[in-house]
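First comes the structure, then the notes that go with it.
One is the number of the first residue; the rest follow in order along the sequence.
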Amino acid sequence: MTTPLCKKLPLRYPIIQAPMAGVSTPELAAAVSNAGALGSLGLGASSPEEAARLIRQTQALTRQPFNVNLFCHSPAIRHEAVEQAWIARFADRFAALGAQAPVHLEEIYPTFCGHEAMLQVIEETRPAVVSFHFGLPPADTLRRLKACRIVTLATATSVAEAEEIAQQGIDMIVAQGYEAGGHRGSFAAEGDDHQLSTLTLIQAINARVALPVIAAGGIMNGAAISAMLALGASGVQSGTAFLLCPESATTPAWRQALQDAAVTGTTMTAAISGREARCLRNTFCKIAHAIPRTEIPAYPLAYSMSKALAKAALAQGETGFGAYWAGEGAPLARELPAADVIRELVTEWHAASGQGSLTDAIQPFSL
């Protein structure tokens, strides 16, 4: 089976490893790409210098296409009273951990929109694919990426966002269902989230938009891949399936939380970062569960404090304050090398699709 995703890049398999800023590594991205799928680097939290280093490291490990992901969020709107109240709310927690609460919240992640230094890094290194989360960059940025023959992807959580992506000339849409782990890719941080499942979202987008659609959310095995392709997806994206790979930067505490995922489950919260995101339930999630959205500072201001709190807690051996992003399929994560995860996904997909043979079902492309 071939799909528009495979033809465009080309790839052997229509599978994308989700970028996952802070977890994806050159080793993970390269292993996935070398196995015939599309590996990814999450660079939304990286400086231009760090981004250049990570891209170069990945290029040294694979000659196959890989994706780099960038955040296109609007700059935070500052509300000093809200920010100070947020700090005060957790001051006792810091004190109990023998640490000092921050004096001010910081905008720790700059947006890619208008970030000339980061754009120059992309133009110089020329990864095969660049994807966007939280929105889209300016039209001139897109023109410059197209001039470099870079394939572009963008996350949509609604049909309206998918239509905007198509209007701006992006090549493909990543349809992020509500069950997906990590941050919602919604263009508006506090917009009306319809919370559509991956299954529903890809069908709704396909009914209105002509671009190829990548299904993201709940893709943990080959049966899910088969189902999404049957419903019209051109490929799938999965992040949680790769969290336990040895090539990932998932911390020991995060790995342990994943082992307990069948008991703890996941929850959606804005309290960690200032944007809605799905993570494994832990102590911080329980504390912040009932806090009104209006009392949470904007993204990424809230994140600067929760990161400081998690660091202080970890120094005392307390792991319940980390941001352990994961999708609803977390209990199905496999502790395997990335190449073996791809192999298992493809084998299961072949079986679920009822193809005549694995060779017939998946045709490799000459690169």
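- Using a 4.0 Å cut-off between charged side-chain N and carboxylate O, Glu161 and Arg184 make no salt bridge.
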(request) Could you walk me through whether Ser24 and Ser40 pass side chain to side chain donor-acceptor pair (under 3.5 Å), step by step? (result) CA-CA 7 Å; Ser24 59; Ser40 300; over 6 Å; no
Let me have the donor-acceptor pairs involving side chains of residues 211-225, under 3.5 Å, with sequence neighbours excluded, atom names and distances please.
residue	atom	partner	partner atom	Å
Asn221	OD1	Ala223	N	3.3
Asn221	OD1	Ala224	N	3.0

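- Residue pairs meeting the side chain to side chain donor-acceptor pair (under 3.5 Å) criterion with at least one partner in residues 305-325, sequence neighbours excluded, are Tyr109-Lys307, Tyr303-Trp325.
- The main-chain N or O of Leu153 is never found under 3.5 Å from a side-chain atom of Ser131 such that the two would form a donor-acceptor pair.
- Between the side chain of Thr25 and the backbone N or O of Glu247 there is at least one donor-acceptor pair closer than 3.5 Å.
- In this structure, Val209 and Glu163 approach most closely via the heavy-atom pair CG2-CG, 3.8 Å.
- Under the 4.5 Å side-chain heavy-atom criterion for ILVMFWY residues, no single connected hydrophobic cluster contains both Val82 and Tyr299.
- Remark: aromatic rings of Phe284 and Phe90 are close, center separation under 6.0 Å.
- Ring centroids of Phe71 and His183 are separated by 6.0 Å or more, keeping the two rings apart.
- Asp260 has no carboxylate O lying under 4.0 Å from a charged side-chain N of Arg281, or vice versa, which leaves the two without a salt bridge.
- Met20 approaches Gly239 most closely through the heavy-atom pair SD-O, 3.4 Å.
- Linking ILVMFWY residues whenever their side-chain heavy atoms come closer than 4.5 Å, directly or via other members, places Ile272 and Ile287 in the same cluster.
- Between His104 atom NE2 and Gln84 atom CD the span is 6.5 Å, to the nearest 0.5 Å.
- Between Leu41 and Leu54, the shortest heavy-atom contact is CD1-O, 3.7 Å.
- For Thr111, there are no side chain to side chain donor-acceptor pair (under 3.5 Å) partners, not counting sequence neighbours.
- The two atoms that bring Met228 and Leu199 nearest to each other are CE-N, 4.1 Å, heavy atoms only.
- Between Cys113 and Pro137, the closest heavy-atom pair is SG-CA, 3.9 Å.
- A cation-pi contact, defined as under 6.0 Å to the ring centre and within 45° of the axis, links Arg278 to Tyr178.
- The backbone N or O of Ala18 lies less than 3.5 Å from no partner atom in the side chain of Asn69, so there is not a single donor-acceptor pair.
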(request) Would you please test Glu116 and Gln120 for side chain to side chain donor-acceptor pair (under 3.5 Å) and show each step? (result) CA-CA 6 Å; Glu116 178 63 23; Gln120 288 181 6; 2.9 Å; yes
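- For the residue pair Thr240 and Ala333, the shortest heavy atom distance occurs at O-CB, 3.8 Å.
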